[in-house]
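All heavy atoms count here, side chains included; hydrogens, waters and symmetry mates do not. Within every chain, numbering begins at 1; the chains are lettered A, B, ... in the order of the sequence lines, protein sequences first and strands thereafter. Since we're looking at a predicted model, the values are computed, not measured.
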Amino acid sequence: MIVFKNNLKKQIHKLLDSEYPLGSTKLEINYTPQMKLGDLALPFPFQLAKIMHRSPRDIAAEIAPKLIELEGINKVDIAGGGFINLYINRDKFFQQKLQTTVKSSLTSEENKIIVEHTSINPNKAAHIGHLRNSCLGDTLARCLKYKGENVEIQNYIDDTGVQVADIVFGFMEIEPKTLEEVKNIPEKFDFYCWDLYTRVADYINHHAGSKEKKSKILKNIEEGTGVEAKLAQHISQRILKAHLKTMQRLDISYDLQACESSIIRLEFWKLAFQLLKEKKATHFVEEGTNKGCWVMKLEDESQQEKILVRSNGIVTYVGKDIAYQLWKFGLLKKDFFYKPFVRQGKKTIWITSSKKTSNSPEFGQGSRVYNIIDIRQSYPQKIVIQGLRSLKFGEQAEKSTHFSYEMVALSPKSLKELDVNVSKEDRDKDFLEISGRKGLGVKADDLLDKLNEKALFEVEKRNPNLSYENKRRIAQKIACGSIRYFMLKFARNSIIIFDFEDALSFEGETGPYLQYTFVRINSIFRKLEENFGFAQTDLQSLIKSSDIRLEVLPDLEYSDFWEIILYASKLDEEVQHSLNSLEFLHLAKYTFELCQKFNAYYHKYSILSEKNRDIKNIRILTIHFVRKTLKTALDLIGIPQPERM
RNA sequence: GCGCCUGUAGCUCAGUGGAUAGAGUGUCGGUCUCCGGAACCGAAGGUCGCAGGUUCGAAUCCUGCCAGGCGCGCCA
């Protein structure tokens, strides 16, 4: 549709530019609110009215007849206060849509795009809040790839931070366990740590000297020394592997795991710091509350100072993040080393290393960067981007996007089902923030297990004859689709108040509804082959034949046919729209609505039992086009397509 | 205190300055001698938080107010 509209715009300019000041309008092409008003609407007479001091309706009436020459347009109308509405030549449009094989009409703009998502602290199991991040990030990456971009997906691992120190503390002081004993803990290790982590904060508060012990642990982890560093390394890598497995269940993968420990060992900060000093983006504070610190002035009106290096010489989180962001753009004159971390089928996921390695692919050097990080980190993210600007990397600052989203919280009802202790003041709230520290949260694997179980039950009910293996595989796909749609259907700024009943539903606006629709379409093609011997080759020759005469369709069916074809043609626009606004609910809801339209069509028009050959062929081509579009859309939002369900 | 965000149907949420504000869910009533009922059709349900303003046109933009949430650390 993008190509079609662009072509129209060009033609309109050609026809009207000599007589009307179209250049000063946006020349938008919208859709009409109702099909009986035509297909496309031009609102530009309203804008011209202002310039030309005439009524919009008059202008529309004057221009409309001139537009009948537009190629691909059958009829031009004026409507409302001054809209010019266009009617598309349906036969030509349909024919053309069937025969275009180009994957997408979008064009790439960047050399390389780096998408950072997931980035879970490696000290406990992943929870549903993390899933929102991963689902959004993965969908962004899929859409960018569809657009034709070269995309690199990174997962940032803070394997030297306080959260890991907490869990190391737990193993050393609370349990206590040696490294060997920790290694011998059976699966699920990330669940084990989840429970241990909830005990740490409480323990520290009630045992004198704990804080000192913890800071010693943190210091050793950061410096890579002692048993603490060995424990931290083992724990974080093992939990990271668990996270990757969890994400694999959702068909989410990565190219690179970027570790903070590598950033520290390779002294990325030193280079970044040098750069900051050279460009006078940071200065040393001689007195006041921040005495002894290196700070960066904020550009906003607050004129506050953000500390980059503490008075004890230790760099802050924001400082490290600036260094990492510089590396992503290839602006740091230093690179990581890389080694293979895990294999997923044919794919290798790499991890950064501070020790020299050989034969590794290249990473980084992005021309554009998206950081998928929740909205509570807006402030530090703003500072990171400002850091780039202060270093005179304005272009890179422009191309650094903090892709933010609101949190996933728990409803009081879902808390009850989790059977966790909640403090008195928390109990009265409308929703409760997930807290790994408090153990308040739904673990991603637990939710996936629940969905799998439910899906398996439903599949069994409908397909008792399938093999158990097969049923399990289908259930897994349904669970995946269910979560992915759920995480996408809310706007980024909307807090998701997690409720088991909503999340476990397979009816209405859910992933399984979309999957079911797709399965239905495939089932028709399967039966066409079984009952009529109508094979793939027959479909191909039908597509190529120019013998499609839409006039055989009765009026009502003709308009139902057109509605679904026109809607299915909007996919690329929806992808573009989602990418522009970074709101993938547009694409999700579009896919859902396409399914709704198909299901309505399905109930109204039978294909297998249709006796009229011409009508039957048009219906086959219609659902073929819907299937093709739906498959692309489902792939983009990461919803797998089971063969049956 | 300062900054950002949110307020739309009973509930959960969409809505790109454009035409009669839409979905899902819940409630009520229907649809099958079946291309799969995880479906479809219909009904009821709205002061778009409140008050001004800009505009040919405002749920959408601006101002003020009310209510709620989140940020604002020599934590990450």
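B/rA19 and B/rU27 have their P atoms separated by 33 Å, given to the nearest Å. Spacing between B/rC28 and B/rG10 at atom C1', rounded to whole Å, works out to 14 Å. A gap of 34 Å separates the P atoms of B/rG36 and B/rG22, to the nearest Å. B/rG52 and B/rU60 are spaced 14 Å apart, taking the P atom of each and rounding to whole Å. B/rG64 and B/rG3 are spaced 10 Å apart, taking the P atom of each and rounding to whole Å. To the nearest whole angstrom, the two P atoms, one in B/rG37 and one in B/rC48, are 40 Å apart. B/rC13 sits 13 Å from B/rU6 when the C1' atoms are compared, rounded to a whole Å.
The interatomic distance linking A/His586 (NE2) with B/rG15 (C1') rounds to 9 Å, in whole Å. B/rC13 atom C1' lies 10 Å from atom CG of A/Asp502, rounded to whole Å. What separates CG of A/Leu466 from C1' of B/rG36 is a distance of 13 Å, to the nearest Å. The interatomic distance linking A/Asn30 (CG) with B/rG18 (C1') rounds to 7 Å, in whole Å. Atom pair A/Ile495:CD1 and B/rA14:C1' shows a separation of 17 Å (rounding to whole Å applied). Counting to the nearest Å, the C1' atom of B/rU16 and the NZ atom of A/Lys5 are 10 Å from each other. Computed from coordinates, the A/Ile497 CD1 to B/rC11 C1' distance equals 11 Å when rounded to whole Å. Taking atom NE2 of residue A/His603 and atom C1' of nucleotide B/rG30, one finds them 14 Å apart after rounding to whole Å.
Remark: A/Arg627 is not positioned above the aromatic ring of A/Phe518, lacking an NZ or CZ atom under 6.0 angstrom from the ring centre and at most 45 degrees off the axis. Annotation: cation-pi pair A/Lys616/A/Phe532 present, NZ/CZ under 6.0 Å from the ring centroid and within 45° of its normal. A cation-pi geometry, defined here as NZ or CZ lying under 6.0 Å from the six-membered ring centre and within 45° of its normal, does not hold between A/Arg520 and A/Phe598.
A donor-acceptor contact closer than 3.5 angstrom is absent between the side chains of A/Glu222 and A/Thr160. Side-chain contact, A/Thr118 with A/Asn133: no donor N or O sits under 3.5 Å from an acceptor N or O. A side-chain donor-acceptor contact under 3.5 Å links A/Tyr20 and A/Glu62. Between the side chains of A/Gln641 and A/Asn522, no donor-acceptor pair is found at a separation under 3.5 Å.
Ion pairing between A/Lys570 and A/Glu573 fails under the 4.0 Å rule for side-chain N and carboxylate O.
Side-chain contact between A/Met1 and A/Leu40: present, with at least one pair of heavy atoms (C-beta onward) separated by less than 4.5 Å. In this structure the side chain of A/Asn123 never reaches within 4.5 angstrom of the side chain of A/Ile235, judged on heavy atoms.
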field: Check against ring pair (Phe, Tyr, Trp, His ring centres under 6.0 Å), A/Phe46 and A/Phe83
entry: CA-CA 8 Å; A/Phe46 291 101; A/Phe83 289 101; 5.0 Å; yes
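Within 4.0 Å of A/Ser505, counting heavy atoms only, lies no atom of the nucleic acid at all. Across all strands shown, A/Val309 has no heavy atoms under 4.0 Å from either base or sugar-phosphate atoms. Residue contacts shown for A/Glu507 are limited to sugar-phosphate atoms, with no base heavy atom under 4.0 Å away. Among the atoms of the strands shown, base atoms are found under 4.0 Å from some heavy atom of A/Val459. Contacts of A/Ala491 with the nucleic acid, taken as non-hydrogen atoms under 4.0 Å apart, involve only primed sugar atoms and P, OP1 or OP2.
Using a 4.0 Å cut-off on heavy atoms, the residues of residues 43-63 of chain A that approach RNA chain B are A/Phe46, listed by number. Contacts between residues 589-602 of chain A and RNA chain B, defined by a heavy-atom separation below 4.0 Å, involve A/Lys589, A/Phe592, A/Gln596, A/Asn599, A/Ala600, A/Tyr602, listed by number.
Remark: side-chain polar atoms of A/Ser578 are paired, donor with acceptor, to backbone N or O of A/Leu587 under 3.5 angstrom. Counting only distance, with no hydrogens or angles, the side chain of A/Thr316 and the backbone of A/Val309 share no donor-acceptor pair below 3.5 Å. In this structure, the side chain of A/Arg492 engages the main chain of A/Leu582 through a donor-acceptor pair within 3.5 Å.
Here the side chain of A/Tyr513 is nearest to one of B/rG71, B/rU25, B/rC40, namely B/rC40. Candidate nucleotides B/rC70, B/rU16, B/rA19 were compared by shortest atom distance to the side chain of A/Asn85, and B/rA19 ranks first. The side chain of A/Cys293 lies closest to B/rC74 when the candidates are B/rU16, B/rC74, B/rA19.
Under 4.0 angstrom from either OP1 or OP2 of B/rG69 there lies no side-chain N or O belonging to A/Lys429. Listed pair A/Tyr31 / B/rG15 fails the phosphate criterion, with no side-chain N or O lying under 4.0 Å from OP1 or OP2. Phosphate contact (OP1/OP2 of B/rA14, side-chain N/O of A/Arg492, threshold under 4.0 Å): absent. Side-chain N/O atoms of A/Arg520 include none lying less than 4.0 angstrom from OP1 or OP2 on B/rA39.
Nearer the 5' end of RNA chain B, as judged by each residue's closest nucleotide, is the contact made by A/Ile607, out of A/Ile607 and A/Arg462. Remark on RNA chain B: of its neighbouring residues A/Tyr317 and A/Ser609, the 5'-side contact belongs to A/Ser609, judged by nearest-heavy-atom nucleotide.
Qualifying side-chain contact (heavy atoms from CB on, under 4.5 Å) partners for A/Gln34, counting only residues two or more places apart in sequence or in other chains: A/Lys36, A/Leu37. Every residue two or more places apart in sequence or in another chain that forms a salt bridge (Lys or Arg N to Asp or Glu O under 4.0 Å) with A/Arg619 is listed here: A/Glu557, A/Glu610.
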So which protein nitrogen or oxygen atoms get under 3.5 Å of nucleotides 3-6 of chain B's nitrogens or oxygens?
residue	atom	partner	partner atom	Å
B/rC5	O3'	A/Asn493	ND2	3.4

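One can find a donor-acceptor pair under 3.5 Å joining the base of B/rU20 and the side-chain atoms of A/Gln34. With hydrogens and angles left out, the side chain of A/Ser523 and the base of B/rC35 share no donor-acceptor pair within 3.5 Å.
Checked against the 6.0 Å centroid criterion, the rings of A/Phe506 and A/Tyr513 do not qualify as a close aromatic pair.
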message: Expected output check: what is the dot-bracket annotation of RNA chain B, where ( ) and [ ] are pairs inside the strand (brackets for crossing ones), | is paired with another strand, and pairs are Watson-Crick or G-U under 3.5 Å?
response: (((((((..((((....[...)))).(((((.......))))).....(((((..]....))))))))))))....
